[in-house]
Undergrad: 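Provided herewith is a single structure, encoded as structure tokens, for subsequent inquiry.
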Amino acid sequence: MTIVESLSPFTGTWQGHNRMRFMPTDEYQESVSAAVVAVTAKDFVTIEYTWAHEGQPQNGLLLLGTAPGEGGPAAEGEAGAEGEAPPSDASSGTSAGTGTGTGIGTGVTAVWVDSFHAAPQWLTLTGSVDDDNVVRLACTYPAPEGPDWGWQIHIEPGDGNGGRITMHNLVPGYDPYQVVEATYRRQA
């Protein structure tokens, strides 16, 4: 199954709420959120979203594609390590890792930009769409000091009436914890 097929219930224009916190002991801060999910260039999906932090507008974009070797646009004629889905090992911070899926579904790659969480550069994530149809992505990024930290982004496309995006921080020595939860309902 391609990323376009997996996220087809989530395409459209959405309104919802964003909850964000920095640390697991912090209270969530809530804001209004909107998202537009669309098929782009035939084989890719974009998720553009808006939210706010302390009254300041924020926005982000995920560009998702089926991993090479998984039936996506670069699948034909490619083999080897680059065409394989990443292992499902949450401790590495480089794959989808946690969740209820099996870790053996369709491979996914993504580029993520966010005015608050990722600026001023983009992050490249890898992961999978598992048998529960949840897209699970992960990456690592350099910490100010010490070992790299990581992000996990989970996209639950729902059944066509609503969806959910969660983001988790991976801090070395601690269990992953949810930083962001955005829930959406289709805009009338």
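Values below: every heavy atom of this structure, side chains too, minus hydrogens, waters and symmetry copies.
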Undergrad: Can you name the closest pair of heavy atoms from Arg186 and Gly12 and give their distance?
TA: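 Looking at all heavy atoms of both residues, the closest pair is NH1-CA, 3.8 Å.
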Undergrad: Once you round to the nearest 0.5 Å, how far does CD of Gln152 lie from CG of Asn169?
TA: 9.5 Å
Undergrad: Roughly how far, to the nearest 0.5 Å, is the CH2 atom of Trp51 from the CZ atom of Phe116?
TA: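 Interatomic distance, Phe116 CZ to Trp51 CH2, rounded to 0.5 Å: 5.0 Å.
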Undergrad: To the nearest 0.5 Å, how far apart are OG1 in Thr109 and CG in Leu64?
TA: 8.0 Å
Undergrad: With rounding to the nearest 0.5 Å, note down the distance linking NE2 in His154 to CD in Glu156.
TA: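 Spacing of NE2 (His154) from CD (Glu156) equals 9.0 Å.
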Undergrad: Work out which heavy atom in Asp130 is nearest to a heavy atom in Ser128; give both atom names and the distance.
TA: OD1-OG, 2.9 Å
Undergrad: Hey, does the side chain of Thr106 reach the backbone of Thr2 with a donor-acceptor pair shorter than 3.5 angstrom?
TA: no
Undergrad: For residues Tyr49 and Val36: do they belong to one hydrophobic cluster (side chain heavy atoms under 4.5 Å, members Ile, Leu, Val, Met, Phe, Trp, Tyr)?
TA: no
Undergrad: Determine the sole option in His17, His168, Arg19 for which the side-chain hydrogen bond (donor to acceptor under 3.5 Å, both in side chains) test with Glu181 is passed.
TA: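 Looking at His17, His168, Arg19, the match for Glu181 under the side-chain hydrogen bond (donor to acceptor under 3.5 Å, both in side chains) is Arg19.
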Undergrad: If two hydrophobic side chains count as joined below 4.5 Å and joins carry through other members, does Tyr28 share a cluster with Val32?
TA: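 Hydrophobic grouping puts Tyr28 apart from Val32.
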Undergrad: Under the side chain to side chain contact (heavy atoms under 4.5 Å, CB included) criterion, do Val171 and Tyr177 qualify, and how do the steps go?
TA: CA-CA 9 Å; Val171 179; Tyr177 65 92; 4.0 Å; yes
Undergrad: I'd like to check the side chain to side chain contact (heavy atoms under 4.5 Å, CB included) partners of Asp26; sequence neighbours left out, ordered by chain and number.
TA: Arg21, Phe22, Met23
Undergrad: Which heavy atom in Val108 sits nearest to a heavy atom in Ala67, and how many Å separate them?
TA: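 Minimum heavy-atom contact is N-CB, 3.8 Å.
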Undergrad: Within this structure, what is the CH2-CG distance for the pair Trp122 and Leu63, rounded to the nearest 0.5 Å?
TA: 11.0 Å
Undergrad: Using every non-hydrogen atom in the two residues, find where Gly158 and Pro9 come nearest and quote the distance to one decimal.
TA: O-CB, 3.6 Å
Undergrad: Does Asn18 form a side chain to side chain contact (heavy atoms under 4.5 Å, CB included) with Val180? I'd like the steps, not just the answer.
TA: CA-CA 7 Å; Asn18 186 83; Val180 173; 3.4 Å; yes
Undergrad: Test side chain to side chain contact (heavy atoms under 4.5 Å, CB included) on Thr46 and Leu61; report intermediate values, then the result.
TA: CA-CA 7 Å; Thr46 54; Leu61 172 76; 4.0 Å; yes
Undergrad: Rounded to the nearest 0.5 Å, how far does CH2 of Trp112 lie from CG of Leu137?
TA: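 Leu137 atom CG to Trp112 atom CH2 measures 10.5 Å (nearest 0.5 Å).
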Undergrad: Taking it one step at a time, do Thr66 and Asp43 satisfy side chain to side chain contact (heavy atoms under 4.5 Å, CB included)?
TA: CA-CA 8 Å; Thr66 304; Asp43 294 312; over 6 Å; no
Undergrad: Closest approach of Cys139 and Thr124, non-hydrogen atoms and distance?
TA: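 Scanning both residues, the minimum pair turns out to be CB-O, 3.2 Å.
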